Novice: 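Before anything else, here's the structure in question.
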Amino acid sequence: MPLESDIKDAGKTGEPGPARPPKLSLRGVSKRFETRRGTVRAVDETDLDVEEGEFLTIVGPSGCGKSTMLMIASGLETPSAGTIVVDGKPAGRPGPDRSVVFQQFALFPHMNVARNIEYGLKVAGVKKSERHAAVEQQVAIMGLEGFQKAYPSELSGGMQQRVAIARALVLQPSLLFMDEPFGALDAQTRTQMQDEMARLRTRMTSTVLFVTHSVEEAVYLGTRIIVMSARPGRIIANLPIGEDAPWKGMAIEAAMGQPQFNAVREKVWNLLHNKSE
Amino acid sequence: MIVSTEMLITKAGPSRWYQLDRSRWYDAGLGIGSVIALFVLWAVAAVITNHHHAGLVPTPVQVAKTLANLTTHKFAGHTLPMHVLSSLSRWGLGFVFAIVLGVPLGILFGAIRLVREAVSPIFEFLRYIPPFAWIPPAVLWFGSGQTSQALIVFIAAFPAIVISTQVGASNVDPALLRASRTLGAGALRRLGEVITPISLPGVFAGVRVAASNGWMALIAAELIGGRVGVGFLIAQGEDNGAIDIVMVGMLAIAVTAAILDLVVIALSKRLTRWRKSAA
């Protein structure tokens with residue numbers, strides 16, 4: 001089993017090839033909101049590079065601007081300053097190549113499960129037969145068989161979030177943004193979804209940015225962890241975990257019994273609570 | 001569809017068929033009972049007033065006989081069904097125009113702040129003019145026929161549709177608009193495929209009010225200057241001192257309005273089946 005030092009370096013062990021731009025780059029990104037009580041600095045002068053294939057988890061106290069940063073990266077919000085670069089080019093409007101999974105699911109209430117999942121493909125002009133095949137495949141992956149004709153209002157929170165994830169993944173986005181996707185779920189469903197996310201990760205090609213306020217979730221899912229400070233949100237730590245951490249491939253309950261997992265968890269927790277190690 | 005019930009959230013309301021049935025029968029019984037009570041009260045009132053002043057209030061039986069007679073015999077130029085159909089055709093014309101123009105305008109009001117800011121002052125100003133006040137200018141401009149009466153229906157129906165649709169459209173969860181943007185949908189698709197269908201419950205709330213507003217305004221227009229229609233039938237009945245004919249006309253108005261309402265409700269339920277508790 002690797003030692004903690006191996007875990008730290010694991011994220012940097014890509015073979016040195018020709019200089020390729022990072023998949024996603026945030027350059028000097030700030031976000032200010034004007035309120036009646038003055039200017040609120042949600043995100044402050046943030047730089048962040050995300051390499052292709054990473055599963056980056058972003059953890060921080062509530063209100064630290066981590067969701068705002070994610071929304072800026074997705075193109076849904078415009079930064080007050082700074083630029084977003086995707087594959088070396090300035091990113092434009094939000095679109096199907098930068099899919100977003102929201103905490104509150106945001107499923108279309110008037111479309112059934114199949115039509116929700118299909119929507120992005122329909123917008124993209126994919127042929128009907130191809131669309132149906134892709135939807136059926138995604139339905140099978142997300143365990144939604146038999147629910148294709150159900151409306152979102154007929155589903156539990158966990159099932160709704162499965163539909164939302166399927167709706168994003170069916171587009172095979174090169175970037176997937178997940179904004180506290182399991183934050184609205186009950187503890188049991190949440191654990192189940194965390195296990196499923198880890199399983200999905202192994203068959204997914206997307207680069208993922210995953211915002212959470214759960215330290216366990218961040219450590220369990222991430223190949224790299226970004227820790228953010230309270231408002232104004234700044235990145236205070238960058239912890240590479242890598243693909244080969246000893247708990248990868250385990251269920252989250254089992255992972256939490258791992259000493260290495262707990263060492264990283266404690267480290268992140270101390271960073272969040274401003275304690276020296 | 002194969003659905004494992006434990007994975008579905010239990011829907012609100014009675015879960016067993018007999019509970020549903022019992023409450024349905026109970027509600028229906030109450031409604032029928034109160035209608036019967038109304039007819040009894042009417043009969044009593046007719047008998048008492050006839051005792052003092054004959055012919056002021058016809059009994060339900062007299063009205064029923066007149067109804068049967070008017071169904072087959074012409075009065076004021078047509079049989080009762082033809083008067084009703086004639087009114088309905090003008091109502092339909094004005095109503096369809098109100099929907100065709102009112103729903104898109106309401107959606108734009110609700111979805112685009114700029115449109116609302118620009119158009120709503122004019123709209124707010126005009127909607128305080130009662131539909132009946134439009135009858136004289138409508139008759140002057142278009143004569144006292146089909147067109148001016150349909151215009152009155154339109155004026156009576158239009159505001160309810162616009163306002164209700166606007167409320168529906170402005171209540172669409174902004175998260176859904178963000179979701180549709182990340183799925184690649186442009187502004188037109190967002191309007192047509194997200195905002196409009198999700199506004200439908202609001203649209204139908206307005207359509208329901210508009211249907212009865214338009215119907216009532218039409219009858220008023222026919223009373224004042226018509227040649228055919230239920231309102232005209234009532235006006236002619238009054239001129240002939242035939243209170244039973246007037247009451248048959250009033251009944252026809254109420255029954256027709258109730259049927260129109262049921263049609264709108266049925267259509268609304270069908271088109272908004274996705275709602276958690278279809279009202």
Side-chain angles (χ1 to χ4, degrees), chain A residues 71 74-77 93-126 143-160 162-164 167-168 170-171 173 175-177 179 189, chain B residues 1-13 15 103 107 110-111 165 168-205 267-279:
Chain A
M71 289 302 125
S74 75
L76 280 172
E77 279 191 29
R93 294 169 170 212
D97 202 37
R98 288 190 283 168
S99 274
V100 183
V101 174
F102 302 88
Q103 183 178 4
Q104 295 301 334
F105 323 137
L107 295 177
F108 302 121
H110 58 298
M111 297 182 193
N112 64 28
V113 166
R115 295 220 292 128
N116 261 287
I117 300 172
E118 187 186 13
Y119 189 71
L121 295 171
K122 197 175 135 192
V123 172
V126 176
L144 291 162
E145 293 101 334
F147 289 89
Q148 289 95 324
K149 294 234 168 73
Y151 286 104
S153 64
E154 297 173 313
L155 299 174
S156 66
M159 293 300 279
Q160 291 192 49
R162 282 164 193 266
V163 178
R167 183 176 69 177
V170 78
L171 297 168
L175 275 162
L176 177 65
F177 300 95
D179 185 15
T189 312
Chain B
M1 181 176 57
I2 319 134
V3 173
S4 58
T5 43
E6 72 271 14
M7 293 183 97
L8 288 174
I9 290 172
T10 321
K11 285 186 188 176
S15 52
V103 172
I107 295 283
T165 304
S170 56
N171 283 341
V172 172
D173 184 355
L176 298 178
L177 303 179
R178 305 179 123 213
S180 63
R181 284 173 67 198
T182 67
L183 294 167
L188 274 179
R189 273 187 185 273
R190 283 204 294 283
L191 271 179
E193 292 172 357
V194 180
I195 296 175
T196 302
I198 296 175
S199 307
L200 274 187
V203 171
F204 273 105
L267 200 66
S268 153
K269 273 191 176 170
R270 221 188 134 66
L271 290 176
T272 60
R273 258 185 297 197
W274 46 272
R275 282 213 294 170
K276 209 176 295 176
S277 50

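Just so it is clear: chains get the letters A, B, ... in the order the sequence lines come, proteins before strands, and each one is counted from 1. Fair warning: this is a prediction, and the values are worked out from it, not measured in the lab. The analysis underlying the following values was restricted to heavy atoms, covering all of them including side chains, and did not include hydrogens, waters or symmetry mates.
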Novice: Using non-hydrogen atoms and a 4.5 Å limit, figure out which bit of A/Leu107 sits close to chain B: side chain, backbone, both or neither.
Specialist: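 It is the backbone, since no side chain atom gets that close.
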Novice: Just to verify, what does A/Thr189 make a side-chain hydrogen bond (donor to acceptor under 3.5 Å, both in side chains) with, not counting sequence neighbours?
Specialist: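 With sequence neighbours excluded, A/Thr189 shows a side-chain hydrogen bond (donor to acceptor under 3.5 Å, both in side chains) to A/Asp186, given in chain and number order.
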Novice: Would you mind checking which part of A/Arg167 comes under 4.5 Å of any heavy atom in chain B, side chain (CB onward), backbone (N, CA, C, O), both or neither?
Specialist: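 For A/Arg167, the contact with chain B is made by backbone and side chain together.
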Novice: Hey, could you give me the CG/OG1 distance between B/Leu267 and B/Thr272, rounded to the nearest 0.5 Å?
Specialist: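 B/Leu267 atom CG to B/Thr272 atom OG1 measures 9.5 Å (nearest 0.5 Å).
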Novice: Between A/Leu76 and chain B, which part of the residue has a heavy atom less than 4.5 Å away: side chain, backbone, both or neither?
Specialist: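 For A/Leu76, the contact with chain B is made by backbone and side chain together.
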Novice: For B/Arg190, check salt bridge (Lys or Arg N to Asp or Glu O under 4.0 Å) against everything at least two apart and list the hits.
Specialist: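 Residues passing salt bridge (Lys or Arg N to Asp or Glu O under 4.0 Å) with B/Arg190: none at all.
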Novice: With a 4.5 angstrom heavy-atom cut-off, which part of A/Phe108 approaches chain B: side chain, backbone, both or neither?
Specialist: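 Backbone plus side chain of A/Phe108, per the 4.5 Å heavy-atom cut-off to chain B.
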Novice: Considering heavy atoms only, which positions within residues 111-120 of chain A lie below 4.5 Å of chain B?
Specialist: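 Hits under 4.5 Å: A/Met111, A/Tyr119, A/Gly120.
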Novice: Rounded at 0.5 Å granularity, tell me how far OG1 in B/Thr165 sits from CG in B/Leu200.
Specialist: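 Here the rounded value is 9.0 Å.
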Novice: For the residue pair A/Pro96 and A/Pro173, what are the closest heavy atoms and their distance?
Specialist: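 The answer is O-CB, 3.6 Å.
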Novice: Answer yes or no: is there an ion pair linking B/Arg178 with A/Glu77, defined by an N-O contact shorter than 4.0 Å?
Specialist: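 A salt bridge links B/Arg178 with A/Glu77.
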Novice: Return the set of residues passing side-chain hydrogen bond (donor to acceptor under 3.5 Å, both in side chains) with B/Arg181 (not counting sequence neighbours), or none when no residue passes.
Specialist: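 Checked B/Arg181 against side-chain hydrogen bond (donor to acceptor under 3.5 Å, both in side chains); zero matches.
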Novice: If only atom types and distance count, is the side chain of A/His110 paired as donor or acceptor with the main-chain N or O of B/Ser199 below 3.5 Å?
Specialist: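 Side chain of A/His110 to backbone of B/Ser199, a donor-acceptor pair under 3.5 Å: no, none is there.
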